[in-house]
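See structure below.
Both counts, for ligands and for their atoms, begin at 1 and track the order of listing.
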Amino acid sequence: MEVTFKVYRKDPEKDGKPGRSNYTVEVPDGATVLEALLKIRDEMDSSLAFRCSCLRGHCGDCMVRVNGSSRLTCTAKVSAYTQKGPEISLDPLRNVPVIKDLVFDWDAFMWNKIRATKPWLDASETAADGESIIPDAPLQDLRKVMSCYNCGMCDEGCSVLPVDFDFLGPAALTKAYRFVFDPKEKDHKERMKVLEGPKGVWDCVHCYEADEHCPRGIEPTKRIIAIRDEAFRAGITNEKVARHHQSFAASVKESGWLDEGRLAVESEGLTNISGLMKLLPTAAKAMVRGKAPIPYMHSKRPGAEQIKRIFEKGEAEKK
Ligand code: SF4
């Protein structure tokens, strides 16, 4: 099969202007996009820069956007992208500084954020007899999280990062979960303060895109929600968090779904002018991407009255 790859090019050592190179190559049936890239580099253009490492979908190093969607090129079959024609576009990730061609800055994308969450164990003292026996049950769940590849696919799918690149993101917060819930952790309060601070767990909008993108089924959104619950249990909450919860519940109760614009405004506080002003750059970016809902303009969803009754029943039971 002959396929034309339209590859994003940028070389800061030359003029640094982004462009595109087209390469038409013969690829065998069942070939992966990475195999095609290696062929292009070996036979046609040795200056083409891209990353790869494990070649079996375990490390995430080869992630690029294939026809606009983030994929690991070592597991993406060429044939899956040629249904509409023998052309495939390859681009680096969105919103991440490009170093050269398809090679982007992993530090800015993910590693700096993981470092910020203190990704190591602050273990409690070993028992006097030198033995610390950890029950297996809590570790079963942690083992699942520890199977994370650090591939960053969840960050690439995240809805918040395109409008606020400083958000810690699902990959870093999933790594943090592993230490927050480790039974050997001595005191997770300091760790939790970072996680529940600005750009932390409360900025997640639970769109579940991270879960859709994760190749390991780790459910990063579930991990973020668990850290939030743990913050409440540990009494590490602030006024903004309380407002966030109240606004979230009020929005769903009134319209049947979440008014994200209202949530942002009410979480800051309606009288907090400087806080509201800080939202403007993010709102502007979201607007450019068609993602900025106008606060308080949400129409009710079908069945909203039923949802309201569920809330009222719950409130009556609490009294
Ligand atoms: S949680 Fe899943 S998608 Fe995110 S880095 Fe780990 S393996 Fe990749």
Side-chain angles (χ1 to χ4, degrees), residues 32-34 50-76 80 91-97 102-121 138-182 191-192 194-196 199-230:
T32 63
V33 174
L34 179 58
F50 57 90
R51 278 205 181 101
C52 62
S53 186
C54 74
L55 311 188
R56 55 184 61 202
H58 285 183
C59 70
D61 210 25
C62 64
M63 183 172 31
V64 300
R65 281 186 298 140
V66 183
N67 282 355
S69 303
S70 49
R71 292 284 178 272
L72 303 181
T73 57
C74 68
T75 56
D91 292 87
L93 300 194
R94 305 167 295 170
N95 314 303
V96 186
L102 299 175
V103 176
F104 58 88
D105 185 346
W106 268 92
D107 275 348
F109 175 57
M110 194 178 77
W111 296 121
N112 289 344
K113 294 176 182 184
I114 287 183
R115 266 182 221 116
T117 67
K118 193 181 158 208
W120 59 85
L121 193 68
L139 291 180
Q140 294 287 356
D141 175 53
L142 286 189
R143 279 190 199 109
K144 178 78 190 161
V145 177
M146 284 154 73
S147 73
C148 169
Y149 289 153
N150 294 319
C151 68
M153 291 282 280
C154 50
D155 277 6
E156 172 58 5
C158 172
S159 308
V160 177
L161 286 169
V163 290
D164 183 4
F165 190 65
D166 294 332
F167 172 46
L168 282 172
L173 293 171
T174 299
K175 176 67 80 182
Y177 174 99
R178 179 250 174 277
F179 296 104
V180 166
F181 291 96
D182 193 310
R191 187 189 301 281
M192 294 291 291
V194 174
L195 304 180
E196 75 99 45
K199 312 298 179 188
V201 285
W202 299 104
D203 285 17
C204 169
V205 297
H206 7 82
C207 64
Y208 288 87
E209 283 291 333
D211 298 17
E212 294 288 321
H213 280 68
C214 176
R216 301 290 284 160
I218 289 172
E219 302 176 287
T221 315
K222 182 173 139 185
R223 313 299 166 182
I224 293 172
I225 291 169
I227 295 173
R228 290 177 174 189
D229 291 346
E230 182 58 21

Does [X] come within less than 4.0 Å of [Y], counting only side-chain N to carboxylate O?
{"X": "D211", "Y": "R223", "value": "no"}
{"X": "E196", "Y": "R228", "value": "no"}
{"X": "K199", "Y": "D164", "value": "yes"}

Discussion item. Counting backbone and side-chain atoms alike, is an N, O or S atom of C151 positioned under 2.8 Å from atom 8 (Fe) of ligand 1?
Written reply: yes

Quick one: which ligand 1 atoms are inside 4.0 Å of a heavy atom on [X]?
{"X": "P215", "value": "3 (S)"}
{"X": "G152", "value": "5 (S), 8 (Fe)"}
{"X": "R216", "value": "7 (S)"}

Residue and atom name of the nearest protein heavy atom (relative to [atom]), distance in Å to one decimal:
{"atom": "atom 3 (S) of ligand 1", "value": "C154 N, 3.3 Å"}
{"atom": "atom 2 (Fe) of ligand 1", "value": "C214 SG, 2.4 Å"}
{"atom": "atom 7 (S) of ligand 1", "value": "Y149 N, 3.4 Å"}
{"atom": "atom 6 (Fe) of ligand 1", "value": "C148 SG, 2.3 Å"}

Worksheet entry | Shortest non-hydrogen contact from V180 toward R191 | CG2-CD, 3.7 Å

Worksheet item: Between L102 and P92, which heavy-atom pair has the shortest distance, and what is it?
Response: CD2-N, 3.8 Å

Worksheet entry | cation_pi(K113, F165) dist<6.0 Å, angle<=45 |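 Flagged: K113 positioned over aromatic ring of F165.
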
Item to complete: Would you kindly specify which portion of N150 sits under 4.0 Å from ligand 1, judged on non-hydrogen atoms: side chain, backbone, both or neither?
Response: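 Looking at N150 and ligand 1, just backbone atoms fall under 4.0 Å.
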
Discussion item. To the nearest 0.5 Å, what is the distance between CG on D182 and CG on L139?
Written reply: 6.5 Å

